[in-house]
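What follows is a short report on a single structure.
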2 protein chains.
Amino acid sequence: MSPTRALFTVFTMSEQRENILVHASDLFVKDGVEGFSMRKLARRVGVTAPALYRHFDSREALVFAVLGEAYRRMSRHLYAALEGESPRERLRLAGEGYVTFALEHPRLYDALFASPELVGIAELPPEVEAQGCAVGRFWNDRIRECMDAGILRRADPEAVGLTLWAHAHGLISLHARGLLMPGENGDTAAFMIIYRASIARLIQGLGVDVDEGDEQRDTLEAAAALPV
Amino acid sequence: MSPTRALFTVFTMSEQRENILVHASDLFVKDGVEGFSMRKLARRVGVTAPALYRHFDSREALVFAVLGEAYRRMSRHLYAALEGESPRERLRLAGEGYVTFALEHPRLYDALFASPELVGIAELPPEVEAQGCAVGRFWNDRIRECMDAGILRRADPEAVGLTLWAHAHGLISLHARGLLMPGENGDTAAFMIIYRASIARLIQGLGVDVDEGDEQRDTLEAAAALPV
DNA sequence: GTCTATAATCCGATAGAC
DNA sequence: GTCTATCGGATTATAGAC
């Protein structure tokens with residue numbers, strides 16, 4: 001490598017691409033979708049904006065890469081549930097892994113579920129789409145497993161999975177918007193208690209039992225004590 | 001009014017303010033948060049951009065007004081549930097009114113639950129915030145009413161209300177992102193079936209009954225027949 | 001109340017030198 | 001592979017004429 005070139009070439013092509021992607025994820029995490037620009041990213045990486053185009057064809061391609069990385073992180077959180085030693089434990093761990101990812105990376109979680117045009121892209125790349133389907137399959141497998149083990153009422157696993165997914169996603173979204181707890185916000189410990197109590201309600205059912213009438217359970221009392 | 005002034009003055013101040021607000025809501029509905037700009041709005045109203053500042057101090061003030069109008073529409077949908085003649089019917093109508101508003105005005109619904117910075121404002125105005133609280137109170141009242149009538153298991157109405165709200169919000173969000181049905185999207189009729197079936201699951205509970213084991217209910221069979 | 005004109009920023013992307 | 005310089009566009013908002 002000639003001395004004149006060494007002045008500019010600090011990273012190799014692929015190293016710098018990796019470096020840009022890391023900084024891009026950081027910027028996404030800090031400023032969210034709306035604050036993500038090529039110029040800001042270039043400033044953060046320590047180069048000028050045009051240099052980024054040597055590594056990514058466009059802003060859109062860069063966003064794709066960030067979303068792909070986000071999906072990979074979420075998958076890692078979820079798949080850790082396979083460490084559980086029973087169907088019930090694996091389902092519980094999957095639920096916890098999902099919400100943990102959402103709480104640890106709220107801007108990434110937002111971006112994964114935002115409308116494509118809101119992220120500044122036309123539509124999700126097929127690679128990311130496929131990862132989403134894989135996550136869905138993993139989730140449904142955990143539920144089917146619990147039905148087979150007699151822990152969940154037998155029904156269509158996909159339908160039950162959707163109910164649980166929608167509930168988790170909704171609770172996470174409302175929490176992220178600060179709509180759950182009136183005073184002290186950002187309290188993840190309090191949110192986790194609310195989250196678990198709400199899931200317990202889903203399992204038990206909101207309707208009255210045919211025989212036992214107006215009985216109260218422990219989990220419900222814990223939830224009732226919280227300021228919601 | 002002198003002839004020279006009449007050339008420009010077609011609306012009175014408040015009439016034009018109203019007119020701008022209507023067009024602003026339309027533009028919001030069409031282009032969403034990210035496509036809402038003073039210049040687009042001016043073009044649509046039929047004036048130039050600076051003219052808008054005679055009626056609204058800033059873009060932010062205009063967004064406030066649009067969000068306030070959106071909340072008023074949502075409230076109207078919800079409060080219609082008071083026409084119901086029993087607690088169960090009023091709760092059902094409230095749930096249907098909520099989802100109906102979300103499906104009829106998806107961009108407004110998005111805006112109401114989006115992070116303030118994503119709408120291009122610092123934070124929600126207190127007027128809108130207060131309307132949100134009122135909606136929450138109305139919803140909790142419907143649930144308390146059903147507990148008193150023995151239709152819902154007795155528990156903290158706010159906690160149960162949160163579970164139901166999160167589930168509805170999550171399902172609506174996932175539907176709006178096209179994540180529910182693989183092929184034909186935008187099918188609101190199919191979504192309503194999924195929505196109602198999922199609520200039925202919440203009421204009945206996902207866990208197994210202590211005695212009846214693996215029995216199947218009608219609503220679940222209907223849901224299982226759907227492609228999810 | 002509305003206009004024209006313009007200030008002041010931001011953005012994505014490209015050309016060509018080194 | 002990175003630079004400087006620049007194009008072409010978007011935006012919010014203001015000043016001053018009528």
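Below, chain A is the first sequence line, B the second, and so on; all start at residue 1.
Counting to the nearest Å, the C1' atom of dG9(D) and the CZ atom of Arg59(A) are 15 Å from each other. Counting to the nearest Å, the P atom of dG12(C) and the CZ atom of Phe56(A) are 15 Å from each other. Regarding Leu41(B), its CG atom lies at a distance of 17 Å from the P atom of dA10(D), rounded to whole Å. Put simply, OH on Tyr53(A) is 13 Å from C1' on dC7(D), counting in whole angstrom units. Distance Met38(B) CE to dT9(C) C1': 17 Å, rounded to the nearest Å. In this structure, Leu52(B) atom CG and dT14(D) atom P are separated by 13 Å, rounded to whole Å. At whole-Å resolution of the value, CZ in Arg17(B) and P in dT2(C) are 13 Å apart. Between Glu34(A) atom CD and dC10(C) atom P there is a gap of 16 Å when expressed in whole angstrom units.
Looking at Phe138(B), Tyr98(B), Phe101(B) one by one, the single match for ring-ring contact (aromatic ring centres under 6.0 Å, His included) with Tyr79(B) turns out to be Phe138(B).
For Pro50(A), the listed nucleotide lying nearest its side chain is dT14(C); candidates were dT14(C), dA13(D), dT2(C). For His55(B), the listed nucleotide lying nearest its side chain is dG1(C); candidates were dT2(D), dG1(C), dT4(C). With distances taken from any side-chain atom of Arg43(A) to the nucleotides dC11(C), dT14(D), dA13(C), the minimum falls on dC11(C).
If Arg39(A) and Gly46(A) are placed on DNA chain D by their nearest nucleotide, the residue sitting closer to the 5' end is Gly46(A). Checking Ser37(B) against Arg54(A), the closest nucleotide of DNA chain D that is more toward the 5' end is the one next to Arg54(A).
With respect to the salt-bridge test (charged N to carboxylate O, under 4.0 angstrom), the residues Asp141(A) and Arg144(A) qualify. Using a cutoff of 4.0 Å between basic side-chain nitrogens and carboxylate oxygens, Arg107(B) and Glu117(A) are scored as salt-bridged.
Within a 6.0 Å sphere centred on CD of Glu104(B), other residues, nucleotides and ligands contribute more than 12 heavy atoms.
With contacts defined as side-chain heavy-atom distances shorter than 4.5 Å, the pair Ile194(B)/His175(B) does not qualify.
The phosphate of dC3(C) (OP1 or OP2) has a side-chain N or O of Thr48(B) nearer than 4.0 angstrom.
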